[in-house]
Protein chains: 2
Amino acid sequence: MEPVSQNKDEEITEATDPDHLGKMIREARLQKGWTLEEAGKAAGIGRSTLSKIENNQTRPSFDIVRRLTKALELKTPQLFVQSGPSDISGRRDVTFAGQGEPQDTATYSHELLCTELTSKRMFPYISTIKARDVSEFEAWIRHRGEEFMYVISGELTLFTEHYRPLALKAGDSVYYDSGMGHGCVSTSKENAKVLWVSLE
Amino acid sequence: MEPVSQNKDEEITEATDPDHLGKMIREARLQKGWTLEEAGKAAGIGRSTLSKIENNQTRPSFDIVRRLTKALELKTPQLFVQSGPSDISGRRDVTFAGQGEPQDTATYSHELLCTELTSKRMFPYISTIKARDVSEFEAWIRHRGEEFMYVISGELTLFTEHYRPLALKAGDSVYYDSGMGHGCVSTSKENAKVLWVSLE
DNA sequence: TAGAAAAGTTTCCTATAAGAAACATTAGGC
DNA sequence: GCCTAATGTTTCTTATAGGAAACTTTTCTA
């Protein structure tokens, strides 16, 4: 009942299953109850081409795959699956309260959560936002991707480009494009505590 | 300073920028400080091919793109960008405490967060896990993807396949493969409250 | 500044993807 | 059972992706 051992030596060699792509696409099409004709039309490709792709009798171009992902609403990362040993398949990682991995900067004090799982796609962490004056707000933080925040305790102001500053208190949550400039300032006397989950 | 208006009529037509792919790849390569030769070798493709891809003089196959994403550690979803109007570019979405969208089942009571942003990739929600006996644990929940949970209040037991049951209390967090069977039971007298963020 | 080496681009050729149409297979109606 | 319609597969052809090598441009060094 112990975690699956993570073999560090094992290379992320070639694609796990050469038939993966076709299988995924066929599964998605049947899920929608579409025929080759219908799915092909939706994606703008011929039914013969689609047949060959689903049966892995061809190595489709990226364009074709992209059109299919759109038409079939496929989850793109699944198509790139990079094999078993190094991903999180069948694994879990716990971090008990206050046991996260500390990472401090001038204005933020982060506690990284679940850092054992290195190949996960979301990055959860808890930040203690030091109480300071709103006027102290400095530069925008920007990083490609999406971010979700949940206020655990305290009160703070979230600044984002294109929007008015937003006053938040415990229990409030925000989801935003993290490529858009953003930053927080605690407006309570004590420090504010926020849970973030970052993607990408 | 109002949110960018979301034009529902606007179709998610063709790829936004036909040169997007090449730009992303060149950017990633230069980020690593690699020459065409080096990057090509790492991905197992010729430098001439890579040159043409970066300059968008060719429509690469899916295989080639996948090899490049691995070698250059590219974030795959970025390659599929489905244009501007329907994605979350430059947007944010707030849900104040207790204002989520309710969604109840027999054993769980969910409150979906930030549901205005329909094209986001992570799905945050708060669940109230009703107090009941551990023996009442029923069937595994399974859904492709990854999941992060953070215990807001109460105490509960997390069951997951391949592992021993795990006792959790406020402030604890777990990250796991949600394709692996999982389920929760509140072990405190009162209901337990959990924040989940689901991906995929 | 010249010369050499390295990085990037273009040309040429072969292998193959993608679509059209022919062919095969399955499902339903009588 | 047979006939028909619909779905899926296999040719066949054309356009093009991908690699090798020739060519061009840039960078480094003396």
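Letters go in sequence order (proteins before strands), and every chain restarts at 1. Just so it is clear, the model here is predicted, and its values are computed rather than measured.
- Using modelled atom types, no side-chain atom of Asp172(A) and backbone atom of Leu168(A) make a donor-acceptor pair closer than 3.5 Å.
- In this structure, Lys120(B) NZ and Leu199(A) CG are separated by 12.5 Å, a value rounded to the nearest 0.5 Å.
- Taking side-chain N and O atoms only, Ser48(A) has no distance below 4.0 Å to OP1 or OP2 of dA20(C).
- When the ring pair (Phe, Tyr, Trp, His ring centres under 6.0 Å) test is applied to Phe123(B), no partner is found at least two apart in sequence or on another chain.
- A side-chain donor-acceptor contact under 3.5 Å links Glu111(A) to the backbone of Gly100(A).
- Atom CZ in Arg67(A) sits roughly 16 Å away from atom P in dA17(C) (whole-Å rounding).
- The CZ-P distance, from Arg47(A) to dT25(C), rounds to 16 Å in whole Å.
- Hydrophobic cluster membership differs between Leu68(A) and Leu30(A), with clusters built from Ile, Leu, Val, Met, Phe, Trp and Tyr side chains linked at under 4.5 angstrom.
- No more than 12 heavy-atom neighbours from other residues, nucleotides or ligands sit within 6.0 angstrom of NZ on Lys193(A).
- One side chain, Glu147(B) or Ser198(B), offers a donor N or O that lies under 3.5 Å from an acceptor on the other.
- The footprint of chain B on DNA chain D, defined by a heavy-atom cutoff below 4.0 Å, extends from dA17(D) to dA22(D).
- Between the P atom of dA20(C) and the CD1 atom of Ile45(A) lies a distance of 11 Å, rounded to the nearest Å.
- Closest to the side chain of Ser61(A), from the set dA18(C), dT9(C), dA22(C), is dA18(C).
- Scanning residues 28-38 of chain B for heavy-atom distances under 4.0 Å to DNA chain D yields an empty list.
- Sorted by first and then second residue, the ring-ring contact (aromatic ring centres under 6.0 Å, His included) pairs with a member in residues 26-45 of chain A form an empty list; sequence neighbours excluded.
- Of the charged side-chain nitrogens involved, at least one lies within less than 4.0 Å of a carboxylate oxygen, so that Arg59(A) and Asp63(B) count as a salt-bridged pair.
- Taking the charged nitrogens against the carboxylate oxygens, Glu155(A) and Lys169(A) have no contact shorter than 4.0 Å, which rules out a salt bridge.
- Between His182(B) and Tyr176(B), the ring centre distance stays below 6.0 Å.
- Axis angle, first five pairs versus last five pairs of the helix from dT1(C)-dA30(D) to dC30(C)-dG1(D): 30°, rounded to 10°.
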Could you list the protein-to-nucleotides 12-16 of chain C atom pairs, N/O on both sides, closer than 3.5 Å?
none

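- Within the 4.5 Å cutoff, the side chain of Ser173(A) has heavy atoms near those of the Phe148(A) side chain.
- In terms of position along DNA chain C, the nucleotide closest to Glu54(B) lies nearer the 5' end than the nucleotide closest to the other residue of the pair Glu54(B) and Thr49(A).
- Taking a 6.0 Å sphere around CD of Gln31(B), one finds it holds 12 or fewer heavy atoms contributed by other residues, nucleotides or ligands.
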